[in-house]
Amino acid sequence: MNLPNIIGLSREELQSHLNEHSIPKFRLQQIWNWLYHHGVTCFDKMANVPAILRQHLQDNFVIQRPTIAFAQTSHDGTQKWLLRFSDGQEAETVHIPEADRGTLCVSSQIGCILTCKFCHTGTQTLVRNLTSAEIVGQMMVARDVFGEWPSPVGNRHVSNIVMMGMGEPLYNFENVKKALSIIMDHQGISLSRRRITLSTSGVVPMMEQCGKELGVNLAVSLHAVRDSLRDVLVPLNKKYPLKDLLEACRRYPGVNNARRITFEYVMLKGVNDTNANAKELLRLIRDIPAKINLIPFNPWPGTSFECSTPERIKEFSSIIQRAGYASPVRTPRGQDILAACGQLKSASERLRKSKLRPETTLSDAA
Ligand code: SAH
Ligand code: SF4
């Protein structure tokens with residue numbers, strides 16, 4: 001019989017297991033600390049837990065992370081890991097290093113049910129949701145790679161999380177919530193909610209719950225300022241049009257000038273990048289505390305979209321900035337290994353099929 005994974009259980013679930021077996025409450029804290037502060041990978045390492053309890057845990061659970069099936073490093077230092085889960089399914093996680101911090105781009109699903117026209121992930125059907133263990137596991141694998149155990153107090157390699165990998169996190173909210181709650185828990189990994197951003201394509205009915213129950217930063221994939229275009233680019237717009245989406249943003253719990261909503265806007269040449277589009281964007285969000293993240297389109301094999309020219313992006317961005325909004329242009333990272341926004345998954349399948357060595361980059365391979 002396959003034992004359940006202890007990773008990914010909520011505190012409450014672990015507590016109720018201990019209660020059922022008449023194990024004193026204070027042991028929960030010790031076990032939690034070993035798992036998420038020290039990152040141990042076997043029960044034997046839990047030094048202050050009595051041998052009999054360690055044996056009990058071993059008889060009832062495993063401590064299991066996803067395995068790295070394939071790893072690539074971009075020339076800019078971005079790393080992409082194709083992670084394999086216990087059923088053989090795979091998803092990708094990307095680490096983007098910066099001078100004194102690093103952001104982990106985490107997947108919530110294998111594939112995506114939505115079919116945004118400019119997104120590579122959207123060309124693959126949804127295989128399944130990731131479990132809470134598999135979502136927390138992505139963070140734990142990254143920390144294993146950097147040897148970042150126990151949880152450091154100062155600078156961290158994995159200091160921020162963006163739920164911007166494969167999938168739509170608000171279509172897997174229960175597991176995402178459980179996983180992020182574990183990641184935010186002060187006695188474990190202890191990452192502040194201010195360092196976590198969840199990106200949604202606009203699942204309006206789940207946005208309020210996300211704000212109330214998780215309180216993480218919200219990013220919204222806007223990409224178009226008129227319903228007629230957004231219906232095409234982000235087909236979910238037909239269900240939840242711009243008016244409803246923007247209303248949900250206004251109501252997002254905890255949103256204020258210090259905690260702004262990020263609107264993501266992919267720059268598509270000749271599609272959504274005119275000055276008039278920028279002005280309409282400003283009109284739409286005028287009463288929402290917001291910043292606008294312009295994302296140069298990352299191409300992928302088979303797409304007919306092109307990225308706007310740098311001059312166009314600059315002008316678009318300056319219109320927004322002149323209106324008083326922060327409008328950073330997201331520097332594409334890891335493009336050479338197809339690790340940038342919207343490029344995940346199939347490329348790795350292709351790469352593995354071509355039997356490249358692990359740890360090579362596409363440019364090495366060319
Ligand atoms: N499903 C969620 C989160 C994952 S996608 C969402 O759609 O918000 C993370 C971001 O990358 C989204 O803003 C998405 O629209 C954007 N994106 C997708 N494909 C892209 C591409 N080819 N180039 C640039 N950004 C892309
Ligand atoms: Fe799914 Fe987001 Fe890609 Fe749209 S952009 S297909 S919601 S992963």
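Predicted, not measured: the structure shown is a model, and the values here were computed from it.
- Judged by distance alone, with hydrogens and angles left aside, the side-chain atoms of S132 form a donor-acceptor pair with the main-chain N or O of G8 at under 3.5 Å.
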Run the side chain to side chain donor-acceptor pair (under 3.5 Å) test on N129 and Q109 for me, step by step, so that the C-alpha distance in whole Å, both residues' side-chain angles and the decisive distance to 0.1 Å come before the verdict. CA-CA 4 Å; N129 282 335; Q109 298 183 307; 2.8 Å; yes
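- For the atom pair L14 CG and L35 CG, the distance stands at 7.5 Å (nearest 0.5 Å).
- Separation of atoms CG (L233) and CZ (R226) is listed at 10.0 Å; rounding is to 0.5 Å.
- The pair K178-E174 fails the salt-bridge criterion, with no side-chain N (NZ, NE, NH1 or NH2) lying under 4.0 Å from an Asp/Glu carboxylate O.
- Within 6.0 Å of the NE2 atom in H186, the count of heavy atoms belonging to other residues, nucleotides or ligands does not exceed 12.
- Just one of L57, I63, V49 meets the side chain to side chain contact (heavy atoms under 4.5 Å, CB included) condition when paired with W34; it is V49.
- At least one side-chain heavy atom of F297 sits less than 4.5 Å from a side-chain heavy atom of P299.
- The closest side-chain donor-acceptor pair between Q29 and R11 falls under 3.5 angstrom.
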Are Q79 and S74 close enough, and set up right, to give a side chain to side chain donor-acceptor pair (under 3.5 Å), and what steps lead you there? CA-CA 6 Å; Q79 294 190 64; S74 160; over 6 Å; no
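- The structure places CE of M184 at 10.0 Å from NZ of K177, a figure rounded to the nearest 0.5 Å.
- Side-chain contact between I285 and I292 is present, with at least one heavy-atom pair separated by less than 4.5 Å.
- Screening residues 226-245 for ring pair (Phe, Tyr, Trp, His ring centres under 6.0 Å), with sequence neighbours left out, gives no hits.
- Side chain of N5 to backbone of Q64: a donor-acceptor contact under 3.5 angstrom is found.
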Determine, step by step, whether R230 and L245 satisfy the side-chain contact (heavy atoms from CB on, under 4.5 Å) criterion, reporting the C-alpha distance in whole Å, the side-chain angles of both residues, the deciding distance to 0.1 Å, and the verdict. CA-CA 12 Å; R230 197 162 188 273; L245 177 60; 3.6 Å; yes
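- In this structure, the side chain of T303 does not engage the main chain of W300 through any donor-acceptor pair within 3.5 Å.
- Looking at heavy atoms from C-beta onward, V162 lies out of side-chain contact with N160 at the 4.5 angstrom threshold.
- The structure places CD1 of I196 at 11.0 Å from CG of L104, a figure rounded to the nearest 0.5 Å.
- Using cut-offs of 30° and 60° on the angle between ring planes, the pair F118 and H223 is perpendicular.
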What do the steps show when you test N60 against I6 for side-chain contact (heavy atoms from CB on, under 4.5 Å), and what is the final call? CA-CA 9 Å; N60 285 274; I6 196 168; over 6 Å; no
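- Note on E247 versus R251: salt bridge recorded, some NZ/NE/NH1/NH2 to OD/OE distance being below 4.0 Å.
- The minimum heavy-atom distance linking C210 with V216 is given by the pair SG-CG2, 4.3 Å.
- Atom OG of S108 and atom CG of L180 lie 10.0 Å apart (nearest 0.5 Å).
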Might you work through the side chain to side chain donor-acceptor pair (under 3.5 Å) test for N277 and T274, ending with a clear yes or no? CA-CA 5 Å; N277 292 145; T274 63; 2.9 Å; yes
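- Put simply, the side chain of R101 never gets that close to the backbone of E98: no donor and acceptor are under 3.5 Å apart.
- Contact between T121 and G167 at its shortest, heavy atoms only, is CG2-N, 4.1 Å.
- Side-chain contact check for N237 and D231: at least one donor-acceptor pair (N or O, by modelled atom type) lies under 3.5 Å.
- For F263, there are no ring pair (Phe, Tyr, Trp, His ring centres under 6.0 Å) partners, not counting sequence neighbours.
- A salt bridge between D76 and R333 is present, with a side-chain N of the basic residue lying under 4.0 Å from a carboxylate O of the acidic one.
- Looking at S107, its side chain does come within 3.5 Å of a backbone N or O of M166 through a donor-acceptor pair.
- Other residues, nucleotides and ligands contribute only 12 or fewer heavy atoms inside 6.0 Å of the NZ atom of K291.
- Side chain of S318 to backbone of K314: a donor-acceptor contact under 3.5 angstrom is found.
- Side-chain N/O atoms of E168 and T200 include a donor and acceptor closer than 3.5 Å.
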Would F85 and E90 satisfy side-chain contact (heavy atoms from CB on, under 4.5 Å), going step by step from the backbone distance to the final call? CA-CA 6 Å; F85 305 111; E90 294 167 342; 5.7 Å; no
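- N298 and R330 form no side-chain donor-acceptor contact under 3.5 Å, judged by distance and modelled atom types alone.
- In this structure, R194 places its CZ atom where only 12 or fewer heavy-atom neighbours from other residues, nucleotides or ligands lie under 6.0 Å away.
- Donor-acceptor pairing under 3.5 Å is recorded for the side chains of Q15 and N19.
- Residues Q30 and N33 are not in side-chain contact: their nearest non-hydrogen atoms beyond the backbone lie 4.5 Å or more apart.
- Remark: R128 CZ is packed, more than 12 non-hydrogen atoms of other residues, nucleotides or ligands lying under 6.0 Å away.
- Residues T78 and T73 form no side-chain contact, since every pair of their non-hydrogen atoms from C-beta on lies 4.5 Å or further apart.
- Checked by atom type and distance alone, the side chain of R193 pairs as donor or acceptor with a backbone atom of L214 at under 3.5 Å.
- More than 12 heavy atoms of other residues, nucleotides or ligands sit less than 6.0 Å from atom CG of N48.
- Within the 4.5 Å cutoff, the side chain of C42 has heavy atoms near those of the K45 side chain.
- Under the 3.5 Å distance criterion, with hydrogens and angles disregarded, a donor-acceptor pair is assigned to the side chains of S151 and R143.
- Side-chain contact between T103 and C105: absent, with no pair of heavy atoms (C-beta onward) separated by less than 4.5 Å.
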Just do the side-chain contact (heavy atoms from CB on, under 4.5 Å) check on S199 and M163 with the steps written out, would you? CA-CA 6 Å; S199 173; M163 295 299 304; 5.8 Å; no
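- Residue D44 holds its CG atom at 5.5 Å from CD of Q58, rounded to the nearest 0.5 Å.
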Test side chain to side chain donor-acceptor pair (under 3.5 Å) on S308 and D273; report intermediate values, then the result. CA-CA 7 Å; S308 311; D273 61 353; 2.9 Å; yes
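- More than 12 heavy atoms of other residues, nucleotides or ligands sit less than 6.0 Å from atom CG of L3.
- Between the side chain of S190 and the main chain of Q187, no donor-acceptor pair closer than 3.5 Å is present.
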CA sep, side-chain torsions, deciding dist, call: Y265, F316, ring-ring contact (aromatic ring centres under 6.0 Å, His included): CA-CA 11 Å; Y265 197 93; F316 196 99; 5.2 Å; yes
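- Linking Ile, Leu, Val, Met, Phe, Trp and Tyr whenever their side-chain heavy atoms come within less than 4.5 Å puts I113 and L130 in one cluster.
- Without hydrogens or angle criteria, E148 side chain to V158 main chain gives a donor-acceptor distance under 3.5 Å.
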Check against ring-ring contact (aromatic ring centres under 6.0 Å, His included), H56 and H17: CA-CA 11 Å; H56 168 89; H17 174 90; 5.1 Å; yes
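- Put simply, the side chain of D227 gets close to the backbone of L242: a donor and an acceptor are under 3.5 Å apart.
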